[in-house]
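The sequence lines fix the lettering, A, B, ..., with proteins before strands; numbering per chain opens at 1. The structure presented is a predicted model; accordingly, all values stated were derived computationally and were not measured.
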Amino acid sequence: MTRPDLTGPFAKYTKPYEAAAVEGLVYAREIESGFFNPDKLPARFDNAPTWTTIMPPPNANGRLHAGHALDGTLKDVIGRYMRMKGHRVLILPGSDHAGFETQVVYEKKLEKEGRTRFGMDRDQLYKEIYDFTIANKDTITGEVKRIGVSADWSRDTFTLDPQVVSGVQDTFVKMFNDELIYRGKRDCNWCSKHQTSLSDVETVSKEFNTPFYTFKLGEFEIGTSRPETKFGDKYIVVHPEDSRYKKWNEGDQFTAEWINGPQTFTIIKDDYIDMEFGTGAMTITPWHSAVDFQIAQRHNLDMVQVIDEYGKLTEVAGALKGLRATTEGRKQVVEILKNKGLILKVNEAYKNVVPVCYKCETPIEPQLRDQWFVSMKPLAEKALAASKNGDISFVSDQFRKVYEYWMSNPIDWNISRQIVWGIPIPAWFKNKGTTEEEFTISKEQPDGEGWVRDADTFDTWFSSGQWPVATLGFSGEDFKKFYPTQLMECGRDLVFKWVPRMVIFGLYLTGKVPFKDIYLHGMVLDPKGQKMSKSKGNVMSPIDLADNFGMDALRMALLVGNTPGNDMSLAEEKVRAYKKFVNKLWNIARFVFENTTEADHDIEKTRSPLTERLFAAKEEIGKHIEDYQLHLASEAMYHYIWHDFADIVIEEIKKTLNNPEADEPTKKTARILLRGMFIEVLKMAHPFIPFVTEEIWVDMGKKELLMVEEW
RNA sequence: GGGCGAUUAGCUCAGUUGGUAGAGCAACUCAUUUACACUGAGAAGGUCGGGGGUUCAAGUCCCUCAUCGCCCACCA
């Protein structure tokens, strides 16, 4: 057969597909159309139902990583499909000031410059971090756009946008009035390096090899791995039913030689004590241990601060005051007790698991501090019910269990952070830190003299927890139109940090769950299955991969074989394989352009074995997407296009076109069929590989974008 | 200490109500101006981690063991 020359706009089909030359232009064309905005879709969407998902806002302090690319790809595939199926789709993008995280990043930068945040003017520090964040926010936003997410950038939201800040503060005021927030001295996770308290999700457990000492205290034997906290101990706690200590009654006292001389101890009985552990007797240090604090509260005991916020011993330590508690302090206490003959045993092989700051790994020193706490129990009960009764459902059931465990064991949430980078807590004090302390909860400065604003800022999860409500304006038009949303898709690492809080705030603020389905994807690992990290040097930049192989190829590599909730390892060869696939489609287009010029015909009614398989594949793909089984959907699409459309359909058509005995009407029918089927192929591929399909679509002579075609 | 996940072809992984094993990559054989070598055709490759059970039938359900990974954790 004669081969028509491809000229003009078709000349590019004589060469392999060049993603770099196409992607930016396609995305610009899509943005320009306005169709990412559900209010600006073509007329056929006028009375369409909405379909909404809110994007997890990436931290505005770094670069895009492979996890973000997966995140954006998954929701974009579903979003593009739902749009083609006739929904007014809203994918709402944003970015997070990421309070503590960003401050840590900035502190490292300051350190490199030989500076420190301590002693810096608050406003100056805030301004510096603000400028730093805004610059990075633009970088990361540009990188999210490269993924091709069909997000409505006209609704782009930043967690420090004035209406978000204002709404978050309103929530605090409302919760305080509803008695869901209280202020009080409670044990906090204190990081002595970062000089702030942290919530439980901001600490991680780490195992240390610490000697375990057994001391003689009067006639008791007391075990501890933390001798340096023992200065202020005045109580011996035993189990009420422990027969070894029957002769002692609660409140009985005795005096014994201790670190700084004779000390009087009081017997306390509490059934927290594990009789099997050690001697079944312990002393308590309420100021520096959450458990001890609870016991002390139950029995109304004295609490003494032994270690200050810099990790040094206080005046309770007498001569040892000012020593670093866990190092020199511990050493000297042990020395003193040894000299007094009070050490009975030392177990050097003892392994102790202690919480550390998740950023710097400094062991957390529990401290009693006045902070703002959220009473989690009443909130968690409702959020638990939402899962039990099916208002929210998890794509992977394993995460439902984790979520329900968290909601069944709520711990009151400390939302105060002693850092400048964050949303200010709308609280005002008089005589702060004294016994005459007074406070008022208000966004505006209260009337009267002497009010000082609370210097603390909110835990970043306090604002991002309200994200689905905040991005939709808390109330008003968008809120009415799009809330509750359909899908929350984010990394599985957020099952504790973020998801439960969004459900809690959603229910509290609106009475409705913020989303119906929760799709938690696994982590993207390196080719060896190891977690990517800067320190290991195995980070694969999605931007670099897209530069080399095209974003469509990367999207496919992230989708195929990636089951919901399971981690996946990403190798360059996989991306390369899908680059070939994208090129295959490109060459299919070339074949179509070389052989057909006929006007498009609807092949819906042209039933043949070839079209039956096409429509069956399309239906299967659609079903898998609706079931959130994107690994199956993407594979079915790949398989159909390569091994059916290319290998069978085109070969059949080719036979007809090359058959010297076939008459012209027969050939024409074949050409029309080819073109008609190809249009369906482009539609079925579009959600997965939007760039190349949109580009070919234009060359098909289409005026409207493929993204708004009917699936 | 508690929980979750994984274990299937050399590698990375699919396999959704139980019905005689699938894909991609790699390797092997063949094809050289065919829409496409970023290709096509073909062949090869697995006692589905071990053991036990339910069933007419188990990769799939149940029990148990092993190994690896992840998460949670206030025994001083």
Side-chain angles (χ1 to χ4, degrees), chain A residues 1 3 6 13-17 187 189 200-201 203-205 212-214 222-226 229-230 233 237 272-285 289-295 350 352-355 364 366 396-402 405-406 409 411 492-493 495-496 522-523 525 527-531 549-550 553 556-557 560-574 576-595 623-624 627-629 631-632 634-636 638-639 642-643 646-647 650-651 653-654 658 674:
Chain A
M1 88 189 197
R3 237 175 93 181
L6 292 177
Y13 289 93
T14 60
K15 289 180 292 188
Y17 175 63
D187 245 289
N189 299 306
D200 292 274
V201 295
T203 68
V204 290
S205 300
F212 188 82
Y213 302 91
T214 305
I222 302 296
T224 185
S225 57
R226 298 209 58 192
T229 64
K230 296 293 159 195
D233 291 1
V237 189
Y272 165 79
I273 298 293
D274 177 0
M275 288 188 275
E276 305 297 312
F277 187 88
T279 59
M282 71 175 201
T283 62
I284 56 168
T285 313
S289 156
V291 174
D292 294 4
F293 173 75
Q294 283 165 21
I295 294 173
Y350 188 71
N352 200 16
V353 177
V354 303
I364 294 295
S396 298
D397 199 52
Q398 48 186 303
F399 295 118
R400 181 181 58 78
K401 291 180 216 164
V402 178
Y405 176 82
W406 201 81
N409 299 279
I411 299 169
R492 66 164 167 75
D493 53 326
V495 65
F496 285 113
M523 304 288 104
L525 308 173
K528 288 178 192 156
Q530 309 253 319
K531 202 169 173 176
F549 305 106
M556 284 299 288
V560 178
N562 187 2
T563 30
N566 286 349
D567 292 352
M568 72 168 307
S569 54
L570 180 64
E572 220 176 85
E573 298 84 72
K574 192 173 179 189
R576 188 179 291 116
Y578 291 105
K579 184 191 176 200
K580 291 183 184 179
F581 170 66
V582 172
N583 191 59
K584 184 79 180 177
L585 185 67
W586 187 250
N587 278 298
I588 291 171
R590 174 182 178 174
F591 180 81
V592 172
F593 292 137
E594 281 178 345
N595 290 287
K623 189 183 167 298
H624 285 320
D627 291 344
Y628 300 118
Q629 303 292 309
H631 62 299
L632 299 179
S634 53
E635 195 173 341
Y638 173 97
H639 200 264
W642 201 309
H643 297 297
D647 289 351
I650 285 187
E651 292 308 315
I653 301 268
K654 215 189 274 176
N658 293 344
L674 173 67

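Under a 4.0 Å N-O distance rule, the pair A:K531/A:D567 does not qualify as a salt bridge.
If you take atom C1' in B:G51 and the same atom in B:G2, they sit 26 Å apart, rounded to whole Å. Here the separation of B:U16 from B:U34, taken at their C1' atoms, is 41 Å to the nearest Å. Atom P of B:C13 sits at a distance of 9 Å from the matching atom of B:U7, rounded to the whole Å. When the P atom is compared between B:C38 and B:U20, the two are found 39 Å apart, to the nearest whole Å. Nucleotides B:G18 and B:A57 have their P atoms positioned 15 Å apart, rounded to a whole Å. As rounded to the nearest Å, B:A35 and B:C48 have P atoms that lie 45 Å from one another. Using P as the reference atom, B:G3 and B:C63 are 13 Å apart when rounded to the nearest Å. The P atoms of B:G52 and B:C70 are separated by 32 Å, rounded to the nearest whole Å.
Residues A:D187 and A:S289 bring no donor and acceptor atom of their side chains to less than 3.5 Å of each other. A:N189 and A:T203 share no side-chain donor-acceptor pair at under 3.5 Å.
Whole-Å rounding puts the A:Q398 CD to B:C4 C1' distance at 7 Å. The distance between atom CZ of A:R590 and atom C1' of B:U34, rounded to the nearest whole Å, is 11 Å. Distance NZ (A:K584) to C1' (B:U34): 11 Å, rounded to an integer number of Å. Atom CH2 in A:W586 sits about 19 Å away from atom C1' in B:A37, given to the nearest Å. Atoms CD (A:E573) and C1' (B:A23) sit 17 Å apart, rounded to a whole Å. When the P atom of B:A35 is taken as reference, atom CG of A:N587 falls 10 Å away, rounded to whole Å. Between A:F591 atom CZ and B:U34 atom P there is a gap of 13 Å when expressed in whole angstrom units. In this structure, the CG atom of A:N409 is 10 Å from the P atom of B:A73, given to the nearest Å.
Of all nucleotides present, none satisfies the Watson-Crick or G-U wobble test against B:C36 with each distance under 3.5 Å. Nucleotide B:G1 forms a pair with B:C72, judged by Watson-Crick or G-U wobble geometry with both contacts under 3.5 Å. For B:C48, there is no paired nucleotide, since no Watson-Crick or G-U wobble pair has both relevant distances below 3.5 Å. For B:U67, the paired base is B:A6 (Watson-Crick or G-U wobble, both distances below 3.5 Å). Applying the Watson-Crick and G-U wobble criteria (two distances, each under 3.5 Å), B:C28 pairs with B:G42.
With values rounded to the nearest 0.5 angstrom, A:I650 atom CD1 is found 8.5 Å from A:I653 atom CD1. Between the CZ atom in A:F549 and the NZ atom in A:K580 there is a gap of 10.5 Å [rounded to 0.5 Å].
Across all strands shown, A:G550 has no heavy atoms under 4.0 Å from either base or sugar-phosphate atoms. Among the heavy atoms of the strands, none lies under 4.0 Å from A:Y13. The residue A:V495 sits apart from the nucleic acid: no heavy atom pair falls under 4.0 Å. Contacts of A:D292 with the nucleic acid, taken as non-hydrogen atoms under 4.0 Å apart, are absent. As judged by a 4.0 angstrom heavy-atom cut-off over every strand, A:A589 is placed among residues making no nucleic acid contact. At a threshold of 4.0 angstrom between heavy atoms, the contacts of A:E651 include nucleobase atoms, whether or not backbone atoms are also involved. Looking at heavy-atom distances under 4.0 Å, A:N352 makes contact with sugar-phosphate atoms alone, never a base. Using a 4.0 Å heavy-atom criterion, one finds that A:H643 contacts the sugar-phosphate atoms exclusively. Nucleic acid contact for A:Y628: none, since no nucleic acid atom lies under 4.0 Å from a heavy atom of the residue. As judged by a 4.0 angstrom heavy-atom cut-off over every strand, A:R492 is placed among residues touching the sugar-phosphate backbone only.
Between A:E276 and A:A577, the residue whose closest nucleotide on RNA chain B is further toward the 5' end is A:A577. Toward the 5' end of RNA chain B, the nearer of the two residues A:V201 and A:G278, judged by each one's closest nucleotide, is A:V201.
Side-chain contact between A:I295 and A:M282 is present, with heavy atoms from C-beta onward closer than 4.5 Å.
In A:E276, the CD atom is not crowded: 12 or fewer heavy atoms of neighbouring residues, nucleotides or ligands sit closer than 6.0 Å.
The residue from A:K623, A:H624, A:Q629 that alone fulfils the side-chain hydrogen bond (donor to acceptor under 3.5 Å, both in side chains) condition with A:D627 is A:K623.
Closest heavy-atom contact between A:S205 and A:V353: CB-CG1, 3.6 Å.
A donor N or O paired with an acceptor N or O is not found under 3.5 Å between the base of B:C4 and the side-chain atoms of A:K401.
Distances from the side chain of A:I588 to the nucleotides B:C71, B:A41, B:A35 place B:A35 closest. With B:A41, B:U39, B:C75 as the candidates, the nucleotide lying closest to the side chain of A:K580 is B:U39.
Using a 30° and 60° split on the angle between ring planes, A:H643 and A:H639 fall in the tilted class, from 30° to 60°. Between A:Y638 and A:F581, the ring planes are tilted. Angles from 30° to 60° get that label.
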Hey, what are the protein-to-nucleotides 9-14 of chain B N/O distances that come in under 3.5 Å?
from: B:U12; atom 1: O3'; to: A:S569; atom 2: OG; distance (Å): 3.0
from: B:C13; atom 1: OP1; to: A:S569; atom 2: OG; distance (Å): 3.4
from: B:C13; atom 1: O3'; to: A:G561; atom 2: O; distance (Å): 3.4
from: B:C13; atom 1: O2'; to: A:G561; atom 2: O; distance (Å): 3.1
from: B:A14; atom 1: OP1; to: A:T563; atom 2: OG1; distance (Å): 2.3
from: B:A14; atom 1: O3'; to: A:H631; atom 2: NE2; distance (Å): 3.4

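The side chain of A:W642 places an N or O atom within less than 4.0 Å of a non-bridging phosphate oxygen (OP1 or OP2) of B:G40. Proximity of A:Y350 to the phosphate of B:A76: a side-chain N or O atom is located under 4.0 Å from OP1 or OP2.
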